[in-house]
Amino acid sequence: MVDDKPAKGKAGKASTKDSVLKQKSPAEFFSENKNIAGFDNVSVSVDGFGTPGKSLYTTVRELVENALDSAESIAELPAIEVTIEEYTKAKADEVFGIKTLERKDEKLYDDYETEKAREKRLAKEAKDQEKQAKALAAGKKVNPSDAKLVKGRDTPVFKVTCKDNGKGMPHDDIPNMLGRVLSGTKYGLKQTRGKFGLGAKMALIWAKMSTGQPIDIWSSTEGQSFTTYCRLDIDIHKNVPHVHVHEKRPNTEKWRGAELQVTIAGNWSTYRSKIINYMRQMAVITPYAQFIFRYIGPTADLRLLLTKAAISSSKNVTIRFARRTDVMPAAPQETRFHPSAVDLLLIKRLIAETTKTQFIQFLQQEFVGINKPLAQRLIEELGPEFNQKMSVKSLTGQQILCLHQLFRQAKFDDPDGDCLSPAGEYNLRLGIMKELHPDMVATYQGSPQVFEGHPFIVEAGVSLGGKDVKPGVNVFRFANRIPLLFEQGGDVVTRTAMKRINWNSYKINQAQDKIGVFVSIVSTKIPFKGTGKEYIGDDVTEMATAVKSALQQCCIQLKGKIVRQQQARDRQLRKRSLAKYIPDVSRAIYDVLSIIAEGQKAKRARYGDTYVDMLNKVALQAITEATVKQKLTQHVEQVDAEMALEYAIQTGMVDTARETVYLRTSDRNRPCAIELHSPVCVIKLFSGF
């Protein structure tokens, strides 16, 4: 008989080892699930060589949105500079502090190719160059950024810098703000561009994974006599900052703001158009901001680039998106939770954090839409176990469950949209006109709506014509005033614009006209689908209805403009047709008058004194053919003006041209400042200078 106890002992040890409880820090979790923060879609070349894909785009996006939030939080007109500098291999090795290895065994490397394979590759490259040369000779556009990475080639490395004029970061808070995942200032129920506390932290995690480089931060707050410089990275396993340098430097220029610099692996050639398009759409939705975007190629001279106002080539790009207005939307306000939008965990958290002691005070203080009479009715409905003055901290789990069930079943007033901050019709219209230069544009802002207890507002704009706009429907989507560029097909805006709007009924040709559809949705909770926050599902009925209604209102405005434009063309055509016959008609009339004027005076009397006087003038050459022609021209002009006025009155055009405006004082430091606001313009009057 064989003794199997040792085997059981080994198995037992192995089982014990496998069952050891393990934990992951938030930083470690997000480093292993980069797609949650948008650092996914790794590009793969034909040869199967993977390169970082969306990471460069996402890094730029997160840094820009953080910069906008920082400036808007202090009501400062944003001025943001973004620079992407691509390193050469030698420059990257110098930054990393490593030496290039001298190859001893060529066959060991992934890019090794036999002589036959090399000849085949060179022949293919020569053929491609020949095709490009022929295309250029034929006047066709050739995109040099379509070249794909070859297997074994080093991954491109970029230094991304973002500088803003925001409020800056306090000296002591910088390490935790940028070196600790899930720590931030954007938590709470409020319309905001970010919710997860990631942003620059995720860019730092990607930098640590791809290049091993820390992040550099320069920051200064208002009135601060020093500038903070901090160089740090993050301990992935412990989710704590690892500070290399944290010091104060003289702030002689009295600068305020923040500048972040991170070195990452990325892919410019594939995501070039996405990054530039993102900056362009951001300029549309925030025309009150100034953006300067630079891309510096691996062989570019930085000093030369900065001396030029705008350069756009296959290597270097500098684009300036100028500010077009100083009218900023009001800052969004933090609000309380709606009873229908809370769950058990949230109710328990609110109970733990509340400063109120009595149950009735808790209901009034922590939830929107519950006043004292309604709170009393709710407490009576809960039963004898509850009373108004009972301690809210003493609620048991069962009592909290009863409260949650009542919240789900009771009827509450919908929350208003006062806490939201839409871009505004004026800014949306101005942004569209500034970037696209359309022939015609219409905008509309809907009233606040509610989805699952959260208020939302839909703004829409529809444009016709413009530069860089393709024929057909071009959809531009925004959520909480940030552009959405990916996964467009399943978005509620795309599906509504493509399938639910009958463009022909508004005299718009969906296939041939250059149609720009702009929809911005702001809310305390955007119902994104997927983990990348890139599209809003079409199954949200409330938003689908609001989007369709807003687009229809824009189309109605455009239809009126198109009809009036067509009427004006018809009038011009009619006027042109009449004017064409004026010379012949005037000549015929004058000939008849001349014949009558040459007759006997006795015969003239039967025409009356008025006509006799006119015939005398004809006989004396006081009235000539030119006089008749002039009078006919004036008559045609008068009739055309009268017909235009009659049409305007019948169609209500005169009434619709009157738009409601309102007056409010501007900056109190400016004497007698008055602003006239309407959806199409803002007029400011200043005096006392």
Side-chain angles (χ1 to χ4, degrees), residues 27-28 30-45 49-64 66 82-101 109-111 149-163 174-175 178-181 198-218 229-245 259-272 275 294-300 302:
E28 189 175 4
F30 284 110
S31 67
E32 295 175 358
N33 298 274
K34 299 183 292 297
N35 61 307
I36 294 178
F39 286 77
D40 55 352
N41 291 351
V42 174
S43 301
V44 180
S45 66
F49 178 67
T51 61
K54 202 175 170 184
S55 57
L56 184 61
Y57 162 81
T58 306
T59 298
V60 171
R61 167 181 166 171
E62 296 291 355
L63 295 181
V64 168
N66 284 351
V82 179
T83 303
I84 300 176
E85 182 181 357
E86 184 173 354
Y87 285 160
T88 61
K89 178 66 169 62
K91 176 67 174 177
D93 290 344
E94 179 184 345
V95 171
F96 299 159
I98 61 176
K99 295 181 179 180
T100 304
L101 294 176
Y109 294 89
D110 194 35
D111 60 353
L149 294 172
V150 181
K151 184 177 180 180
R153 186 173 296 177
D154 293 299
T155 303
V157 175
F158 302 87
K159 181 177 72 175
V160 182
T161 306
C162 183
K163 184 177 181 180
I174 291 178
L178 293 170
R180 192 186 298 272
V181 174
L198 297 177
K201 306 179 189 68
M202 195 63 214
L204 174 57
I205 291 175
W206 174 246
K208 189 173 180 65
M209 296 175 64
S210 60
T211 65
Q213 297 300 300
I215 188 172
D216 295 293
I217 307 106
W218 293 264
Y229 171 69
C230 186
R231 184 177 175 88
L232 60 87
D233 61 19
I234 185 171
D235 188 324
I236 299 293
H237 303 291
K238 296 181 180 179
N239 190 33
V240 294
H242 178 209
V243 179
H244 298 265
V245 180
E259 180 177 354
L260 278 69
Q261 194 174 93
V262 62
T263 303
I264 62 170
N267 189 340
W268 168 256
S269 61
T270 302
Y271 285 87
R272 175 184 186 274
I275 294 173
R294 299 186 183 95
Y295 166 75
I296 305 171
T299 59
L302 179 60

Thr161: which residues meet the side-chain hydrogen bond (donor to acceptor under 3.5 Å, both in side chains) condition with it, sequence neighbours left out?
Gln261
Would Trp268 and Tyr295 count as a close aromatic pair, with their ring centres under 6.0 Å?
yes
Could you tell me the separation between the CD1 atom of Ile174 and the OH atom of Tyr229, rounded to the nearest 0.5 Å?
11.5 Å
Under a 4.5 Å cut-off applied to non-hydrogen side-chain atoms, are Ile205 and Val181 in contact?
yes
Partner residues of His237 under the ring pair (Phe, Tyr, Trp, His ring centres under 6.0 Å) criterion, sequence neighbours left out:
none
Across all chains, not counting sequence neighbours, the salt bridge (Lys or Arg N to Asp or Glu O under 4.0 Å) partners of Lys159 are Glu85
Please determine, by modelled atom types, if Tyr57 and Asn267 share a side-chain donor-acceptor pair under 3.5 angstrom.
no
Do the non-hydrogen side-chain atoms of Ile234 and Lys208 ever get within less than 4.5 Å of each other?
yes
Is there a side-chain contact between Pro214 and Leu232 (heavy atoms, below 4.5 Å)?
no
side-chain hydrogen bond (donor to acceptor under 3.5 Å, both in side chains) with Asp233: which residues, sequence neighbours excluded?
His242, His244
Hey, which of Ile215, Asp216, Ile217 is the one that makes side-chain contact (heavy atoms from CB on, under 4.5 Å) with Arg231?
Asp216
Just jot down the side-chain contact (heavy atoms from CB on, under 4.5 Å) partners of Lys91, sequence neighbours excluded, or say none.
Tyr87, Thr88, Glu94, Val95
Pairwise side-chain contact, Asn66 with Leu260, heavy-atom cut-off 4.5 Å (strictly under):
no
